Amino acid sequence: TQAGGLLYADHGLFTVPTIHGETAYLITADDCDHWADITMVKTLSASETLKHFKKIEARMLVEQEKQIGAIKLLRSDDHGAFKGEFQDYLDNRGIGHQTTIRYEHEQAGFIERMNRTIGERHRAQMVFGNVPMEMQGYSLACATSITNRVFTTTENTTPFEKRYKEQPDMSNYRIFYSPAVVTIPTELQRKDNPTHGVRCRYLGPCNTQAGDYFIEVETHRVITSNAATFYEDWKTNKTLNMSNYLLNFDEPFDTDSDYESDAAIPMPRIRGNSNLGTVPIGASGTVVGPSSSDLGAGESPLGESESS
């Protein structure tokens, strides 16, 4: 069968809201190539589900030259997030929608197994790095991205290879939540401040910019960068003072977010000068440019830039 012929959808709830205030996640997986997509949502509603589904559908239509067809059939449970305006959209697009019978979990066995596999990788990352529960959204997104790029137990290939007919590049992946020092761009370095780096924690690859997600230890601001020094041996590195990399979530932090697990093509790691920006915020996915307040006392020395 062709990718898009049958798409499974499922959802899950967070026991603790994420750093951006999301309380749930939506996951979809293709029955043909096993490619998975995940997004974090603040509420499990038909409008949020529809927003996520439209992005997946649009990407599949753009990538038809890669033999990825339009979505023909969606299979999900009978949750309200898959009804209302979401069902109306499927009807208008001519997309079939099958709902599973209550308590008949084997009817959606594929997505249940995918959800479990990603969940196990996510929990392993959280436990290994002693990651705060507020970061579980980024952990799930990173685990999904990895799942798309590793071999399955039944086939000697990856979902990425099935979809894009090339081997994935894993060179830009690091241990989740590794301590790192992100280089401050030359344009934002101050003469009265000899610091040329900011202490951060690694949150996985970014899907909207050519870099990775980081969270600043002191300000809790999520940024993207392609220039950082990682300390992936922090578990055994006796010279690294880990007290400088502890996040205190009793302090206020930004609650806006619009991030997902994957883009159509993964962003490569670019070595060289740093190009930092915040996580895209708002429906438009854009942020304001640098301002003088970014360099004020007690503020982050990293500026903001527009993101696509």
Side-chain angles (χ1 to χ4, degrees), residues 10-27 29 34 36-42 111-153 158-159 168 170-182 199-207 212-218 220-224 228-251 253 255 257 259-262 266 279:
D10 198 9
H11 59 84
L13 298 174
F14 293 132
T15 55
V16 176
T18 70
I19 185 175
H20 302 294
E22 295 103 345
T23 61
Y25 64 89
L26 296 168
I27 181 173
H34 296 183
D37 286 281
I38 195 168
T39 188
M40 287 10 104
V41 295
K42 294 186 177 180
I111 189 64
E112 295 288 351
R113 291 190 297 272
M114 178 68 74
N115 204 350
R116 183 181 62 188
T117 299
I118 294 175
E120 289 174 348
R121 289 195 171 107
H122 151 64
R123 285 188 290 272
Q125 290 179 159
M126 297 288 287
V127 172
F128 179 80
N130 194 23
V131 183
M133 293 300 292
E134 288 84 355
M135 311 310 301
Q136 57 188 326
Y138 283 98
S139 178
L140 263 176
C142 185
T144 304
S145 183
I146 292 173
T147 300
N148 286 330
R149 290 163 175 79
V150 297
F151 294 109
T152 63
T153 56
T158 68
M170 299 290 290
S171 62
N172 62 323
Y173 284 76
R174 303 286 183 165
I175 297 177
F176 187 81
Y177 209 59
S178 295
V181 175
V182 172
R199 292 191 301 272
C200 298
R201 290 290 193 130
Y202 171 72
L203 299 181
C206 177
N207 67 308
D212 300 306
Y213 285 126
F214 297 88
I215 181 169
E216 294 183 38
V217 173
E218 295 182 1
H220 293 175
R221 194 174 67 151
V222 177
I223 61 174
T224 56
T229 301
F230 293 88
Y231 298 97
E232 295 184 278
D233 61 344
W234 85 92
K235 291 282 187 177
T236 58
N237 192 334
K238 303 300 182 181
T239 62
L240 186 64
N241 186 2
M242 285 305 299
S243 62
N244 293 330
Y245 292 89
L246 298 179
L247 274 72
N248 180 13
F249 282 98
D250 292 332
E251 299 175 358
F253 47 81
T255 58
S257 171
Y259 64 91
E260 296 177 12
S261 60
D262 268 302
V279 174

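One is the number of the first residue; the rest follow in order along the sequence. Since this is a predicted model, take the numbers as computed values, not measurements.
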Novice: I need the Tyr138 OH to Gln125 CD distance, nearest 0.5 Å.
Specialist: 14.5 Å
Novice: Grab the two heavy atoms, one from Ser145 and one from Pro205, that are nearest each other, plus how far apart they are.
Specialist: OG-CG, 4.2 Å
Novice: For the CG atom of Asp233 and the OG1 atom of Thr239, what is their distance to the nearest 0.5 Å?
Specialist: 7.5 Å
Novice: Measure the CZ-SG distance between Arg221 and Cys200 for me, rounded to the nearest 0.5 Å.
Specialist: 9.5 Å
Novice: Treating Glu120 as the side-chain partner and Thr117 as the backbone partner, does any N or O pair qualify as donor plus acceptor under 3.5 Å?
Specialist: no
Novice: Please name the residue in the list Tyr177, Phe230, Tyr245 that meets the ring-ring contact (aromatic ring centres under 6.0 Å, His included) test with Tyr202.
Specialist: Phe230
Novice: So Asn130 and Met242, do their side chains get closer than 4.5 Å, heavy atoms only?
Specialist: no
Novice: Between Asn148 and Ala36, is there a donor-acceptor pair closer than 3.5 Å when you use the side chain of the first and the backbone of the second?
Specialist: yes
Novice: Within the structure provided, determine whether Leu203 and Met135 are in side-chain contact (heavy-atom separation under 4.5 Å).
Specialist: yes
Novice: Are the side chain of Thr23 and the backbone of Lys42 linked by a donor-acceptor contact shorter than 3.5 Å?
Specialist: yes
Novice: Could you tell me if the ring centre of Phe176 sits under 6.0 Å from that of His122?
Specialist: no
Novice: Say you draw a straight line from CD1 of Ile38 to CD1 of Ile118; how long is it, rounded to the nearest 0.5 Å?
Specialist: 5.5 Å
Novice: Shortest non-hydrogen contact from Ala180 to Phe214?
Specialist: CB-CE2, 3.9 Å
Novice: Search all heavy atoms of His11 against all heavy atoms of Ile27 and return the closest pair with its distance.
Specialist: N-CG2, 4.4 Å
Novice: Quick one, Thr147 and Met114 - any side-chain contact, counting heavy atoms below 4.5 Å?
Specialist: yes
Novice: Check whether any side-chain heavy atom of Asp212 lies under 4.5 Å from a side-chain heavy atom of Cys206, and answer yes or no.
Specialist: no
Novice: Val131 and Gln136: side-chain contact (heavy atoms from CB on, under 4.5 Å), yes or no, with the steps?
Specialist: CA-CA 8 Å; Val131 183; Gln136 57 188 326; over 6 Å; no
Novice: Taking the side chain as C-beta and beyond, is there a heavy-atom pair between Ile19 and Ile215 under 4.5 Å?
Specialist: yes
Novice: So, do Arg149 and Thr158 sit near enough that their side-chain heavy atoms are less than 4.5 Å apart?
Specialist: no
Novice: For the atom pair CG (Leu26) and CG (Asp37), what is the distance rounded to the nearest 0.5 Å?
Specialist: 11.5 Å
Novice: If we only count heavy atoms from C-beta on, is the Pro179 to Leu240 side-chain gap below 4.5 Å?
Specialist: yes
Novice: Taking ring pair (Phe, Tyr, Trp, His ring centres under 6.0 Å) as the definition, give me every residue that meets it alongside Tyr25, ordered by chain and number, with sequence neighbours left out.
Specialist: Phe14
Novice: Step by step, work out the side-chain contact (heavy atoms from CB on, under 4.5 Å) result for Arg121 and Val150.
Specialist: CA-CA 12 Å; Arg121 289 195 171 107; Val150 297; 3.4 Å; yes
Novice: First locate atom CD1 of Ile223, then atom CD of Glu216, and finally report the distance between them rounded to the nearest 0.5 Å.
Specialist: 4.5 Å
